[in-house]
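Report on the following structure.
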Amino acid sequence: MGFEDSLWHETADDDFAPRPPLAGDIDVDVAIVGAGYTVLWTAYYLQALDRGLRIAVIEREIAGFGASGRNGGWCSALFPPASSGIARRHGREAAAAVRRAMHESLVEVGRVARAEGIDVHYARGGTVSLARNGAQLIRARQLVEEERRLTGRLERLELLSKEEAEEMANATNVLGATYTPHCAVVHPLRLVRGLAGCVESHGVSVFERTRARAVRPGAVVTDHGRVRAEIVVRATEGYTASLRGQRRRLVPLYSLMIATEPLPAEAWEQIGLARRETFADLRHMRIYGQRTADDRLAFGGRGAPYHFSSRTRPEFDRDGRVHSALREVLADLFPVVRDHRITHEWGGALGVPRDWHASVGFDRRSGVAWAGGYVGDGVATSNLAGRTLAQLIAGESSELTRLPWVGHHSRAWEPEPLRWLGVNGGRLLLTRADRTEARSGKPARSARAFARFIGY
Ligand SMILES: Cc1cc2nc3c(=O)[nH]c(=O)nc-3n(C[C@H](O)[C@H](O)[C@H](O)COP(=O)(O)OP(=O)(O)OC[C@H]3O[C@@H](n4cnc5c(N)ncnc54)[C@H](O)[C@@H]3O)c2cc1C
């Protein structure tokens with residue numbers, strides 16, 4: 001469920017035959033847990049630095065089974081936290097450095113895919129974020145002003161008029177929009193499957209259907225044996241809570257998606273998105289969409305419940321209430337969609353640290369490295385994580401290793417039931433704030449206070 005149900009699974013052109021599991025104890029130089037983007041990018045760049053390294057990837061299911069194989073395919077420069085949160089904690093210079101590194105990352109994903117012959121349907125159309133009520137329009141202006149104040153013209157975030165916005169994405173009730181060129185669309189599953197094949201062909205051992213029970217200094221303990229390694233890397237993102245000793249590190253939040261059948265040219269004349277721009281509106285409970293290479297709309301949103309004790313289960317990938325709300329929101333944005341079939345519904349878990357601040361790090365003494373906590377912005381950020389981890393492990397120092405997320409530690413989430421109450425309370429608060437704003441056109445103070453509370 002979830003993984004097999006997605007549009008990406010149907011269109012990946014892959015037989016998904018599992019690779020063999022680990023067959024007993026082995027010794028390698030680097031053992032990495034979780035075959036998603038983070039791990040595969042890390043393996044890719046480590047190999048580039050040292051072809052002789054013995055690297056083993058340990059994956060519980062198959063490569064791409066996690067969020068990397070199910071996401072919205074926004075290869076964007078979004079980074080948690082946004083520039084305001086980075087500037088507040090680490091200063092303006094750091095905020096600008098993160099912006100530059102993220103801009104490079106989304107270009108780097110396209111470059112490597114091309115160089116390695118991975119057909120990921122990469123198209124760089126930027127992102128249009130629509131303002132569809134008065135409160136969202138105020139937010140659009142504030143976002144543009146704030147970004148310019150903090151990072152100058154680096155982001156090239158523009159405020160669009162109603163007409164300019166409609167020209168790009170002809171949704172209903174548009175009052176204006178923001179636009180950034182720093183986003184590309186990808187077919188997410190092709191990217192992660194292609195990367196797995198690529199690192200394997202360069203000599204990395206990928207063990208699938210092998211569950212890590214514990215990641216500790218010097219070894220990864222699995223169902224099928226022990227992988228002894230001087231360096232171990234943990235990148236299990238939304239599934240981290242299932243590892244021994246990691247229950248309160250990252251909360252799994254479910255994001256759910258739908259996709260339409262391929263839409264005819266007449267429908268696209270009404271909708272726009274001629275350059276395959278990614279699109280959203282500026283509501284608090286995030287929605288996101290892309291026009292796929294085969295002319296469908298793939299559309300998703302957050303808002304699914306958090307499950308007690310940070311559990312992840314295949315049945316959580318579907319939620320009738322949230323999936324039908326997504327159908328409604330998409331049809332509300334682009335009414336022509338009502339004349340066409342929704343062909344796929346799926347979902348997956350992303351990882352959220354307590355302070356909503358992504359991090360990457362390597363403790364040379366223990367040999368343990370980690371990366372993640374991308375809060376749903378991991379497609380390009382994981383590339384930055386992979387490049388950075390490879391340099392940290394190799395002992396190099398560079399602009400990347402000096403970025404403020406390196407070595408950052410979020411505090412642990414609260415024990416249950418406080419965690420359940422807090423996360424689901426926040427979810428309801430944001431949904432209610434969106435409803436209030438749609439009705440009144442005025443910004444809901446509660447949402448702003450919540451954003452400040454979590455440090456975003
Ligand atoms: C529906 C959805 C939409 C999203 N949309 C976007 C988007 O448009 N743009 C964007 O930037 N980000 C998006 N994200 C977030 C993005 O997909 C993730 O941030 C990114 O894929 C994380 O990659 P990862 O490699 O760190 O984790 P994952 O891809 O989740 O990989 C973790 C892997 O670890 C494996 N694993 C877990 N536990 C164990 C264990 N004990 N032993 C062995 N293996 C284990 C899992 O099976 C999995 O394959 C979205 C996420 C979801 C769920």
Side-chain angles (χ1 to χ4, degrees), residues 2-3 6 8 21-22 31-43 57-80 102 105-106 109 127 183-186 188-189 191-192 195-196 206-215 220-224 227 233-244 246 250 252-258 278 280 286-290 298-302 304 312 316-317 322 326 345-352 358 360 370-386:
F3 179 64
S6 82
W8 313 129
L22 183 70
I32 327 187
V33 182
Y37 300 139
T38 304
V39 156
L40 297 169
W41 283 124
T42 305
V57 169
I58 316 295
E59 165 58 45
R60 190 175 62 178
E61 308 285 344
I62 60 169
F65 176 85
S68 301
R70 311 171 183 218
N71 62 70
W74 284 39
C75 185
S76 80
L78 293 171
F79 182 92
M102 287 305 300
S105 298
L106 68 100
V109 171
T127 299
C183 187
V185 274
V186 293
L189 186 54
L191 175 60
V192 65
L195 279 175
V206 181
F207 299 104
E208 296 186 333
R209 296 194 173 168
T210 303
R211 180 175 160 214
R213 293 189 175 281
V215 181
V220 174
V221 184
T222 83
D223 283 350
H224 298 268
V227 184
V233 183
R234 173 180 51 73
T236 42
E237 196 63 351
Y239 306 92
T240 303
S242 64
L243 286 172
R244 207 171 293 152
Q246 308 291 334
L250 293 172
L253 274 197
Y254 275 80
S255 199
L256 304 191
M257 293 198 68
I258 58 174
T278 51
R286 175 102 68 97
I287 56 168
Y288 49 91
Q290 70 148 289
F299 182 69
R302 300 196 191 148
T312 50
F316 301 160
D317 296 337
V322 179
L326 285 174
E345 289 184 340
W346 72 97
L350 46 92
V352 185
V360 55
W370 78 93
Y374 310 121
V375 197
D377 293 324
V379 175
T381 318
S382 57
N383 173 274
L384 181 61

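Start at 1 and go down the list; that is how both ligands and their atoms are numbered.
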So which protein heavy atom does [atom] come closest to, and at what separation?
{"atom": "atom 37 (C) of ligand 1", "answer": "Y239 CB, 3.4 Å"}
{"atom": "atom 1 (C) of ligand 1", "answer": "S255 O, 3.2 Å"}
{"atom": "atom 26 (O) of ligand 1", "answer": "T38 OG1, 2.7 Å"}
{"atom": "atom 50 (C) of ligand 1", "answer": "N71 CB, 3.3 Å"}
{"atom": "atom 34 (O) of ligand 1", "answer": "G34 CA, 3.1 Å"}
{"atom": "atom 18 (C) of ligand 1", "answer": "A67 CB, 3.8 Å"}
{"atom": "atom 44 (N) of ligand 1", "answer": "R60 N, 3.0 Å"}
{"atom": "atom 11 (O) of ligand 1", "answer": "V379 N, 2.8 Å"}

Among [options], which residue places a heavy atom closest to [atom]?
{"atom": "atom 32 (C) of ligand 1", "options": "S6, S382, A235, G72", "value": "A235"}
{"atom": "atom 40 (C) of ligand 1", "options": "A63, G351, A212", "value": "A212"}
{"atom": "atom 23 (O) of ligand 1", "options": "G36, G378, S68, G73", "value": "S68"}
{"atom": "atom 27 (O) of ligand 1", "options": "R213, E237, E61", "value": "E237"}
{"atom": "atom 36 (N) of ligand 1", "options": "T236, T210, D377", "value": "T236"}
{"atom": "atom 46 (C) of ligand 1", "options": "E208, E59, R286", "value": "E59"}
{"atom": "atom 13 (C) of ligand 1", "options": "G376, S76, G289", "value": "G376"}

Any heavy-atom pair between the side chains of [Y] and [X] that's under 4.5 Å?
{"X": "D377", "Y": "R286", "value": "yes"}
{"X": "N71", "Y": "Y37", "value": "yes"}
{"X": "M102", "Y": "L384", "value": "yes"}
{"X": "R60", "Y": "S242", "value": "yes"}
{"X": "W41", "Y": "V109", "value": "yes"}
{"X": "V215", "Y": "W370", "value": "no"}
{"X": "L243", "Y": "R234", "value": "yes"}

Taking 4.0 Å as the limit for heavy-atom contacts, which would you say applies to [X] with ligand 1: side chain only, backbone only, both, or neither?
{"X": "V33", "result": "side chain"}
{"X": "Y288", "result": "side chain"}
{"X": "I58", "result": "backbone"}
{"X": "Y374", "result": "side chain"}

Counting from 1, what ligand 1 atoms have a heavy atom of [X] closer than 4.0 Å?
{"X": "Y37", "value": "21 (O), 25 (O)"}
{"X": "L243", "value": "41 (N)"}
{"X": "F65", "value": "47 (O)"}
{"X": "G348", "value": "53 (C)"}

OG1/T127 to CD/Q290 distance, rounded to the nearest 0.5 angstrom?
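Here the interatomic distance stands at 11.0 Å.
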
Once you round to the nearest 0.5 Å, how far does CD of E61 lie from OG1 of T210?
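With rounding to 0.5 Å, CD (E61) is 10.5 Å from OG1 (T210).
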
Write down the atom of [X], the atom of [Y], and the distance for their closest heavy-atom approach.
{"X": "G66", "Y": "Y239", "value": "CA-OH, 3.5 Å"}
{"X": "G347", "Y": "R70", "value": "O-NH1, 2.8 Å"}
{"X": "T240", "Y": "Q246", "value": "O-CB, 3.4 Å"}

Would you find more than 12 non-hydrogen atoms of other residues, nucleotides or ligands less than 6.0 Å from R209 atom CZ?
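Result for CZ/R209: open.
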
Using 30° and 60° as the class limits, which term best fits the ring planes of W346 and W8: parallel, tilted or perpendicular?
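The rings of W346 and W8 stand perpendicular, inter-plane angle above 60°.
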
